[in-house]
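A quick write-up on the structure given underneath.
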There are 2 protein chains.
Amino acid sequence: MSDRLQSILRSRGIQPTAQRLAVLHAVETCPHGTAEDVANLARAGIGTISHQAVYDALAVMVERRIIRRIEPAGSPARYETRVGDNHHHLICRACGKTEDVDCATGHAPCLSPLDSRGFALEEAEVIFWGTCPECSRGSKRTRKRRTSPRGAAHRGPRRVRT
Amino acid sequence: MSDRLQSILRSRGIQPTAQRLAVLHAVETCPHGTAEDVANLARAGIGTISHQAVYDALAVMVERRIIRRIEPAGSPARYETRVGDNHHHLICRACGKTEDVDCATGHAPCLSPLDSRGFALEEAEVIFWGTCPECSRGSKRTRKRRTSPRGAAHRGPRRVRT
DNA sequence: GCACGATCTTGACTAGGTCAAAAGGTGGAT
DNA sequence: ATCCACCTTTTGACCTAGTCAAGATCGTGC
């Protein structure tokens with residue numbers, strides 16, 4: 001199994017180290033996972049890997065187009081192995097669930113604006129925001145926050161000042 | 001002039017304080033500005049305003065749909081007063097220049113995925129990534145970074161350790 | 001089996017943003 | 001006019017996600 005991953009890396013000129021294999025495996029296993037998710041999964045696989053090695057591995061794979069990085073508003077960056085098929089994303093505003101959806105037109109950029117202002121277009125990134133079926137049903141229950149906002153500390157009183 | 005802004009705020013049930021007027025004016029003056037841009041402009045207008053007052057004002061106006069917030073990948077959040085017209089954005093990968101482009105279909109969500117997976121769709125957010133005319137022409141010159149990456153410190157050696 | 005470049009670990013540091021306490025304003029009721 | 005309750009702003013601590021740099025370690029070709 002890891003032979004397959006090794007050859008993916010090698011074919012793009014990336015040394016298949018244990019850390020990189022673990023990171024790639026993690027991204028495959030957990031599509032749309034954050035760097036932290038990936039780090040945890042990779043650690044589960046090989047015992048230990050540094051914060052920085054995860055970021056380095058993700059960055060080199062993004063650069064070589066083995067994985068894709070998306071950054072939905074209000075969320076840390078997320079990674080996936082589906083690349084080159086120009087698909088888009090459906091994200092739940094309530095719980096953050098992210099799903100892939102196929103592009104209707106098929107090749108990048110899959111759509112063009114009415115007026116491109118002279119820009120050389122490379123890509124149209126489309127995010128469909130909505131509410132997933134579970135959250136629609138359970139609208140009376142307390143909802144989870146959509147994502148953990150960047151600076152969010154723990155909830156509740158943190159420290160009592162005089 | 002500020003009468004117009006006042007009535008906008010009042011019509012949405014927001015007290016038109018000096019700070020909020022300054023923030024709204026700043027967003028109108030500098031579309032696609034970051035919170036920091038807005039703070040600087042507001043300060044130029046009324047002398048002084050706290051960091052937090054800017055974030056609070058922006059948040060309440062976003063919530064009341066007076067302004068819109070976009071968060072392009074790799075960039076801090078940006079704000080604009082064009083709301084409700086379902087327009088999209090064209091962003092230069094080289095210099096970060098952001099332009100509005102009209103939506104071809106006209107009403108939100110302006111497009112629908114092939115399969116919405118049962119999600120209740122609210123909005124399709126579309127970002128066209130490309131290279132602006134200036135950057136295309138000057139491709140040999142040193143380009144500015146697209147944006148300052150989140151954790152980016154100054155360039156060059158920061159401190160020499162033993 | 002060594003040298004050298006590539007990669008990883010460690011750890012400092014940053015931007016952008018959030019939370020909370022307390023001070024300051026504002027407006028309605030008296 | 002004044003008081004009070006509530007809203008807003010200031011102040012400042014703090015957090016997350018991420019970057020940079022130095023040095024140790026690994027892996028590969030010779």
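Just so it is clear: chains get the letters A, B, ... in the order the sequence lines come, proteins before strands, and each one is counted from 1.
Atom pair A:E71:CD and C:dG16:P shows a separation of 14 Å (rounding to whole Å applied). Atom pair A:E36:CD and D:dG18:C1' shows a separation of 12 Å (rounding to whole Å applied). One atom, CG of A:L9, and another, C1' of C:dT7, lie 13 Å apart when rounded to the nearest Å. Atom-to-atom, CZ of B:R10 to P of D:dT8 comes out at 13 Å; the value is rounded to the nearest Å. Taking atom CZ of A:R69 as the reference point, atom P of D:dG18 lies 6 Å away to the nearest angstrom. In this structure, CG of A:L21 is placed 17 Å from P of D:dC26, rounded to the nearest angstrom.
Distances shorter than 4.0 Å separate some side-chain N or O of B:Q19 from OP1 or OP2 on D:dT9. For A:T17 and D:dG27, the shortest distance from a side-chain N or O to OP1 or OP2 is not below 4.0 Å.
Residue A:I49 places its side chain closer to C:dT9 than to any other of C:dT9, C:dA6, D:dT10. Among the nucleotides C:dG16, C:dT10, D:dC7, the one closest to the side chain of B:P76 is C:dG16. Across C:dG16, D:dC7, C:dT10, the shortest atom-to-atom separation from the side chain of B:Q15 is found for D:dC7.
Under the 3.5 Å distance criterion, the side-chain polar atoms of B:S11 are matched with a main-chain donor or acceptor of B:I8. Under the 3.5 Å distance criterion, the side-chain polar atoms of B:T98 are matched with a main-chain donor or acceptor of B:G96. Looking at A:R20, its side chain does come within 3.5 Å of a backbone N or O of A:Q15 through a donor-acceptor pair. Looking only at distances, no side-chain donor or acceptor of B:R69 sits under 3.5 Å from a matching main-chain atom of B:A77.
Comparing B:H51 and B:G13 by the nucleotide of DNA chain D whose heavy atom lies nearest to each, the residue mapping closer to the 5' end is B:G13.
Screening residues 38-64 of chain B for salt bridge (charged side-chain N to carboxylate O under 4.0 Å, His left out), with sequence neighbours left out, gives no hits.
Residues from residues 52-65 of chain A placing a heavy atom under 4.0 Å of any atom in DNA chain C, listed by number, are A:Q52, A:A53.
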As a quick check of understanding, evaluate side-chain contact (heavy atoms from CB on, under 4.5 Å) for A:H87 and A:E99, giving each step before the final call.
CA-CA 10 Å; A:H87 70 279; A:E99 302 244 13; over 6 Å; no
Go through the steps to decide whether A:D102 and A:R82 satisfy the test salt bridge (Lys or Arg N to Asp or Glu O under 4.0 Å), and finish with yes or no.
CA-CA 11 Å; A:D102 288 318; A:R82 266 186 78 177; 2.9 Å; yes
